[in-house]
Number of protein chains: 2
Amino acid sequence: MALDERKAQILKAVVEDYVKTGLPVGSRAVARKYRLGVSPATIRNEMADLEEMGYLDKPHTSSGRIPSDRGYRFYVDELMTDVRLSREESAMIESLFRSKIRDVVSLLKATVKALSEATDYLAFVLGPEYVTTTFEAVYLLPASVGRALLVIVSDVGVVENCIIDVPPMSREEMEYVSNMLRRHLCHVSLDQVHTKAQELLSRETSRYSEVIAQVAEYLMSITEESETEQLFMGGTANLLNQPEFRDVNRVQDLLEAIENGSLIRNIMITQTHTTDPAITIGEENEVEKVKEFSIVYGTFRLGQSAGRIGLLGPKRMNYPRAVAIIRYCEQMLNKYLVR
Amino acid sequence: MALDERKAQILKAVVEDYVKTGLPVGSRAVARKYRLGVSPATIRNEMADLEEMGYLDKPHTSSGRIPSDRGYRFYVDELMTDVRLSREESAMIESLFRSKIRDVVSLLKATVKALSEATDYLAFVLGPEYVTTTFEAVYLLPASVGRALLVIVSDVGVVENCIIDVPPMSREEMEYVSNMLRRHLCHVSLDQVHTKAQELLSRETSRYSEVIAQVAEYLMSITEESETEQLFMGGTANLLNQPEFRDVNRVQDLLEAIENGSLIRNIMITQTHTTDPAITIGEENEVEKVKEFSIVYGTFRLGQSAGRIGLLGPKRMNYPRAVAIIRYCEQMLNKYLVR
DNA sequence: CTTTAGCACTCTTAGCTTGTGAGTGCTAAT
DNA sequence: ATTAGCACTCACAAGCTAAGAGTGCTAAAG
């Protein structure tokens, strides 16, 4: 399966030229731009071989070659060389991060912004799952008559809140309930919240039982809920820059699926990643609608759980650059998310 | 400026037909579909009059008429009849709301979703400005060594949080600081937060002064910050459904501007609204990039401040329906946001 | 005096034809 | 093994034509 040196060089040239121009690349162009010391005719022969081996495709009988999924895969695995972001660029990105060190959510939003502005692709950040989390704090605050604001701080610093109905009670009473909730439901692993709440309910047969039940339910619901909420995306307009989207219908379908959010989540769930900035190319993607695209994604840690950041673009993607940017943003996140 | 009955009927027919089909409408079509008891020739004459008066345009010398901005305006002001949402539809929307009565932010997100799914337009919700707001609660919670989580609850129930650096301190110390902050900075109008914080600083020359300063700064920053954060959008893919976007470049430009968010904010700031679901059509929009579109937007109240919900679509928009949906969502919001 | 039928004219759009250019595969010479 | 040469393929753009929808005007009819 190994390619001899010259074939490898030609494959590399084809991929990089096609990535740059978006046009099928011919033997002439390869000979001219990437001087390999051989004539177009020789390159033609080699390209015919590469096609037979499945690394290149032809859009139609005559006229240049484009890389196949396999060609991209070989390029990504063996041929591409790491690139470094320019000084200005990394400075630009870092400054964006620095200005947003407020809370986790803003930081993730900043990441999306950095990614989508630094590339021509769709950027996404999938917040960490809650599964392994406990709660750091639970507060019940008076909101208006008959309503209270429930504020919850997870151990990774993500804050959630909701409004619940409560029987009318004094400030002191509410503080009492609030303290009780804190004592019994904080620092308890999620799978035990339910039983703890039941315990609490059976002991407290007071008028607060309704409140306790509501809080417990909300705590439980957060597990799934927040998964649907914690997806940030940006740069949808970037996709329209790609020449492959000259016709609107193709993009529309994808956009719809992306916007609703389930798509990215599906991808991240079904995908089994291996290397750090993982790359999936075209048909390698499990999800149907993405089989014409590539995804480059990485991981960041927050507490005990992990989140994902990624770029979705055409297969004709600048992989070295995408990898460099994902790597850099991973670093930034892990740096600013320390806790 | 008033139009005689027949002209009005014809204008109405042209607008509604054009809205439905997207194709310039000719005299024949009007005569056939909206039986007005006159022949195409008569309608041709009337349409020529309407064109001269500025209510209709011709894309090119021969071939049907399309409404001008003025034509749409007249239609919207005088001709269109209110529509009601179907029972299923309003039930669908309300259920979406009901399932999301958790916190303000989820509710606003649900609104965007409802709006964009119920229409073919871009939906947006602009959260209420903070200007007139005070803070209901301020908490400083231990996060990790040297860091604390600052949680702030505004009087309208919006929760903000950020992480700040603090000198190492015990749980009791932090509670002391937290209480101090609460006593001095809650229920204080925003324009006084700064002076209050100064007072506090001058009295407390302790090691906590750094913390107090940070908190004060954050409180101040929220005013602008949250304006940039509190914009929710959905349904960008809807725009691609519109036949006017058969070519990609037009939409890309708009999408980019929209995604970055400043566009909608600008519109809402520059626009002076009058009626409740306000409608601005084409050139009536102050913002350059929107002069080819129309916006229908309404207001909801949250505490002392107000937010906006709206739809952005082509001038060829189904105005009666857009108005009905905006109205309905306004109601929903005002119902579920009571405090 | 308003309405209508008839007709010549305009303009867009889709489909077809043609020419050009980029690129290929094959063969024969180096 | 490499390369030059050449015939061949195919996409794409440009130009052309025919069809169709719609108009404005004129003259007849109510």
Side-chain angles (χ1 to χ4, degrees), chain A residues 3-11 13-18 20-68 71 243-244 246-248 316, chain B residues 3-11 13-18 20-68 71 243-244 246-247:
Chain A
L3 261 40
D4 69 54
E5 180 60 19
R6 194 168 64 188
K7 282 197 175 55
Q9 286 308 310
I10 290 175
L11 178 56
V14 171
V15 171
E16 291 181 354
D17 202 70
Y18 184 60
K20 204 185 289 173
T21 67
L23 268 31
V25 10
S27 55
R28 174 88 148 286
V30 174
R32 203 167 2 90
K33 296 191 209 164
Y34 311 79
R35 18 194 80 269
L36 303 175
V38 290
S39 79
T42 309
I43 293 176
R44 270 207 291 285
N45 288 329
E46 296 284 44
M47 282 178 19
D49 290 353
L50 283 168
E51 184 180 350
E52 198 162 349
M53 292 188 240
Y55 294 104
L56 293 180
D57 273 341
K58 266 193 296 202
H60 46 270
T61 27
S62 110
S63 197
R65 302 298 202 299
I66 62 175
S68 66
E244 25 275 285
R246 286 214 323 270
D247 105 81
V248 182
R316 190 182 70 72
Chain B
L3 262 38
D4 69 54
E5 181 59 18
R6 194 169 63 187
K7 282 197 176 54
Q9 285 309 310
I10 291 175
L11 178 55
V14 171
V15 170
E16 293 182 352
D17 203 69
Y18 185 60
K20 203 184 290 173
T21 66
L23 269 30
V25 11
S27 55
R28 175 88 148 286
V30 174
R32 203 165 4 91
K33 297 191 212 167
Y34 311 79
R35 18 195 80 269
L36 304 174
V38 289
S39 77
T42 309
I43 292 176
R44 270 207 288 288
N45 289 328
E46 295 285 43
M47 280 178 21
D49 290 352
L50 283 167
E51 183 180 352
E52 198 163 350
M53 292 188 237
Y55 293 104
L56 293 179
D57 273 341
K58 266 194 294 202
H60 46 271
T61 28
S62 110
S63 195
R65 303 297 205 298
I66 63 176
S68 66
E244 25 274 287
R246 285 217 321 273
D247 88 336

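Letters A, B, ... are given to chains in the order of the sequence lines, protein chains preceding strands, and every chain is numbered from 1.
- Between B:S39 and C:dT4 there is a side-chain polar atom (N or O) within less than 4.0 angstrom of OP1 or OP2.
- Distance CG (A:L50) to C1' (C:dG25): 16 Å, rounded to an integer number of Å.
- The separation between B:I66 atom CD1 and C:dT12 atom P is 13 Å, rounded to whole Å.
- The side chain of B:K58 places no N or O atom within less than 4.0 Å of a non-bridging phosphate oxygen (OP1 or OP2) of D:dA21.
- Inter-residue side-chain proximity for A:K33 and A:V25 is flagged as unmet; no heavy-atom pair is nearer than 4.5 Å.
- For the pair A:K7 NZ and D:dA1 C1', the computed distance is 12 Å after rounding to whole Å.
- In terms of position along DNA chain C, the nucleotide closest to B:P59 lies nearer the 5' end than the nucleotide closest to the other residue of the pair A:R32 and B:P59.
- Annotation: side chain of A:L11 is in contact with side chain of A:V15 (closest heavy-atom distance under 4.5 Å).
- Here D:dA21 is the nucleotide among C:dT24, D:dA21, C:dT3 with the atom lying nearest to any side-chain atom of B:S62.
- A heavy-atom distance below 4.5 Å is not found between the side chains of A:V38 and A:E46.
- Taking only side-chain nitrogens and oxygens, B:S27 comes nearer than 4.0 Å to OP1 or OP2 of D:dT23.
- For the pair A:K33 NZ and C:dA22 C1', the interatomic distance rounds to 13 Å; values are reported in whole Å.
- When the side-chain nitrogen and oxygen atoms of A:S63 are compared with OP1 and OP2 of D:dC10, none of them lie within a distance under 4.0 Å.
- One interatomic measurement links the two molecules: CG of B:N45 to P of C:dT4, which rounds to 10 Å at whole-angstrom precision.
- Across D:dT23, C:dA5, D:dG22, the shortest atom-to-atom separation from the side chain of B:R28 is found for D:dG22.
- Along DNA chain D, the nucleotide nearest to B:R44 and the one nearest to A:R44 differ in position, and the one closer to the 5' end is contacted by A:R44.
- For B:I10 and D:dT23, the CD1 to P distance is 11 Å, given to the nearest whole Å.
- Taking the side chain as every heavy atom from C-beta outward, A:Y55 and A:L3 approach each other to under 4.5 Å.
- The phosphate of D:dG24 (OP1 or OP2) has a side-chain N or O of B:R65 nearer than 4.0 angstrom.
- Atom NE2 of A:H60 is separated from atom P of D:dA11 by 5 Å (rounded to the nearest Å).
- We find that CG of A:D49 is positioned 10 Å from P of C:dG25, with the value rounded to whole Å.
- Looking only at side-chain heavy atoms (C-beta outward), B:S39 and B:T42 come within less than 4.5 Å of each other.
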